[in-house]
Structure formats: C-alpha cells, structure tokens
Amino acid sequence: MATRNFRKEICRHCGLKLLVPFEERTIHCPSCGGITILQSRFNGNVHYLPINTQVTGSNQVSPSLAHGKKRAVLCGITYKGHQKSLKGSVNDVLIMRELLIKRLGFPSSSVLLLTEEERDPYRIPTKHNIRASLRWLIKGCRSGDSLVFYYSGHGSRVRDRDGDEIDGYDESLLPVDYETEGRILDDEINATIVRPLPHGATLHAIIDTCFSGTFLDLPHVCSINREGYYKWDDHRVSHAYKGSSGGFAICISACKDHQNSADTTAFSGTATGALTYSFVKTLEQETELTYGRLLIAMIERIRKAQEQVGLKESHESQVYFY
C-alpha cells in the first residue's frame, strides 16, 4: 500500500532501479547524478497520465520567479551520458547569470536557469520547459522592458519546409529530450519571443552553439570577421514576416549557419564556450560599448586564444537586428 502512488524506473545512465512518484517527469539519480527524462504512458494513440497526476498550465515555470522589467532565460545543456555530451554549458550559464545580476542589474529572482543540474523539475531543459520559459520571458512585455535569452548547447540544421529561409535550412535548438520530443525550430523561437516584442522593449539573445547564425530568424544580418570587416545582409522574404511588433531584437551568434562551435579550455582552463567567455569578459572590462566595438573586442580575445594554444574552432561572429 505504501508504494501505490509510485512506479518503477531505471536511471538510463547507471542502471540504478528507483521508485519514482507517478507525477514526476524527470529522475535526478542519487547515485550518478544523471538526468533521465520519463516518458508519459500511451494507450494506442491516446496520451494519458496516471490518475493521480496533477495537471498544470502549459505556461507554468518555477513558482519562485518574479516578473520584473529586467528578466532572462539562461539555458545550458550538457546532454550528460550522451555520446556527444558537452562539458562547458553549465559553466556558461553560471557566468552569464553572474554578469546579468552583478554587472547589469538583473534581479536574481527574474533570472531563470535551465540546466540538468536543477532540482526543480520545471528547470530541467526539456522541450516542454524551454517552450514554457520562452513564453514566460515575453509574457506581459511592455515598453522599457529588457529581456535576455541565452543558450549554450547543441544546435542543428533541418531542411526548411515553408520556404522562409534563404539558404533552404531551418536552424534548431536541441532540448535534453530532443531524441524523443524533437527539436525547437528557429521559426518557433521567432514567433514566441521576437514577433510579440512591443515598441520600446529590447531583447538580447546570445547563442553559443553550432549552426547559430540565424537562430532567431531576424531579418537583418551583420557579419564581422577577424580583421574587423563587416557586411550587412537582408534575410527578409516576401511571404513571411520575421520582425517584431516594434521592439528592438538583437541576436549575437557564435558562428554562421553552416559552421561549428565547441567547448574550449583555452581561456581559463575550465570548459566554456568561446563566444560566452569573450562576451562576458568584454562586458566586465569595458564600460561603454557599441555593438560593433563589442563584437570586435570579442573576436580579438578569441584570436589571441587561438594564437596561444592553437584553438581550432572557427568563429566569425554575427549580430542580427530587427
């Protein structure tokens, strides 16, 4: 009788057998520390949950969060136990959080972290939770609000199905459960946090992943190379609106849509993303920056690291505007 509200599950990392409450969607293994995403029960084509599961709203995020004029969603995924796991994503999120709170004045209660190390099940970077967090970020946004979306994890490219990509490919974010739940396409990210952005509000996105060039699908692109030369490209298409509702959206990406980006220990001896580390250190050390100066300073930091330790990752930073 004592176990009637529990079910048996197995940690997918170490194989430990566990008793888990029916309503839980994730296991944080007490033995190996790995995260296992639990699958809901299916009966034919009908998706159902155990009878004692509490159903919550689709927009629910951690109840401890405030909804101030400055707010941020910081998502870092290591894919622990996966063949292509990453080492630096959680480190990236933590140094971004410190920058926002200590340097840029974001209240800690308005900064939402999504990592596999979180105990709160709503802060595990599943597809459901990432979607809910992006909706929380934009909800009630008004003039004067400053929003930040940060992502460190895997990205991918898939064939564009609706003809709104100049290169024929959509870029996508890979949640921790992407193998079962699927990717989040740039089209969806744009529709969720860019298109509703109202006049007078600002959104900054910092995307440290492979194939990150047009991750927010913004219509105007500025590419800056290692020598500081830049060029503008127009990514607008006639049949699809990619802009905001009058707000100012900026996306700083680690590389172009066809390039790779990776963790490196070249900067501090600890695994971090090159874009993240150079972005944070530049903002910590320089008080007055234009976007152009920011990107040039970041590229210079990466170039010096490449010269010192032979860093092989290709970085040609890009900034996207609406």
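No hydrogens, no waters, no symmetry mates; every other heavy atom, side chains included, goes into these values.
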Straight-line distance of [X] [atom1] to [Y] [atom2], nearest 0.5 Å:
X	Y	atom1	atom2	answer
Glu284	Phe279	CD	CZ	10.5 Å
Phe149	Cys75	CZ	SG	6.0 Å
Asp187	Glu171	CG	CD	9.0 Å
His128	Glu181	NE2	CD	10.0 Å
Trp136	Asn129	CH2	CG	13.5 Å

**Report entry** Distance-only donor-acceptor check, side chains Tyr79 and Ser89, under 3.5 Å
**Finding:**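 Checked: Tyr79/Ser89 side chains show no N/O donor-acceptor pair below 3.5 Å.
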Query raised in the report: Any side-chain donor-acceptor pair under 3.5 Å between Thr126 and Asp177?
Result: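 No - no donor-acceptor pair under 3.5 Å links their side chains.
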Report task. For Thr115, check side chain to side chain donor-acceptor pair (under 3.5 Å) against everything at least two apart and list the hits. Result ->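 Testing Thr115 for side chain to side chain donor-acceptor pair (under 3.5 Å), a comparison that skips the adjacent residues, returns Glu118.
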Query raised in the report: Residues two or more places apart in sequence or in another chain: which of them pass side chain to side chain donor-acceptor pair (under 3.5 Å) with Thr202?
Result: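 Thr202 satisfies side chain to side chain donor-acceptor pair (under 3.5 Å) with no residue once adjacent residues are dropped.
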Just wondering, do [Y] and [X] contact through their side chains at under 4.5 Å, heavy atoms?
X	Y	answer
Leu86	Ile77	no
Thr78	Ser85	no
Ser110	Lys70	no
Arg142	His199	no

Smallest separation among heavy atoms of [X] and [Y], with atom names:
X	Y	value
Asp145	Lys69	OD1-NZ, 3.1 Å
Gly76	Pro125	O-CG, 4.3 Å
Val194	Ala249	CG1-CB, 4.4 Å

Taking only residues two or more places apart in sequence, or in another chain, which ones meet [X] in a side-chain contact (heavy atoms from CB on, under 4.5 Å)?
X	value
Arg293	Glu286, Leu289, Thr290, Ile296, Ala297
Arg97	Leu74, Ile101, Ser108, Val111, Leu113
Pro198	Cys141, Ala201
Thr192	Leu134, Arg135, Glu188

Query raised in the report: So, Lys127 side chain and Pro175 main chain: donor-acceptor pair closer than 3.5 Å or not?
Result: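 Between the backbone of Pro175 and the side chain of Lys127 there is no qualifying donor-acceptor contact (under 3.5 Å).
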Report task. Keeping the roles fixed (side chain from Arg71, backbone from Leu137), state whether a donor-acceptor pair exists under 3.5 Å. Result ->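 A pair under 3.5 Å: yes.
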**Report entry** Whether Tyr291 and Phe248 hold their rings parallel, tilted or perpendicular, with breakpoints at 30° and 60°
**Finding:**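 Tyr291 vs Phe248 ring planes: perpendicular.
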Report task. Begin with the C-alpha distance, continue with both residues' side-chain angles, and end with the deciding distance and a verdict on side-chain hydrogen bond (donor to acceptor under 3.5 Å, both in side chains) for Asp208 and Thr276. Result -> CA-CA 7 Å; Asp208 202 347; Thr276 302; 2.6 Å; yes
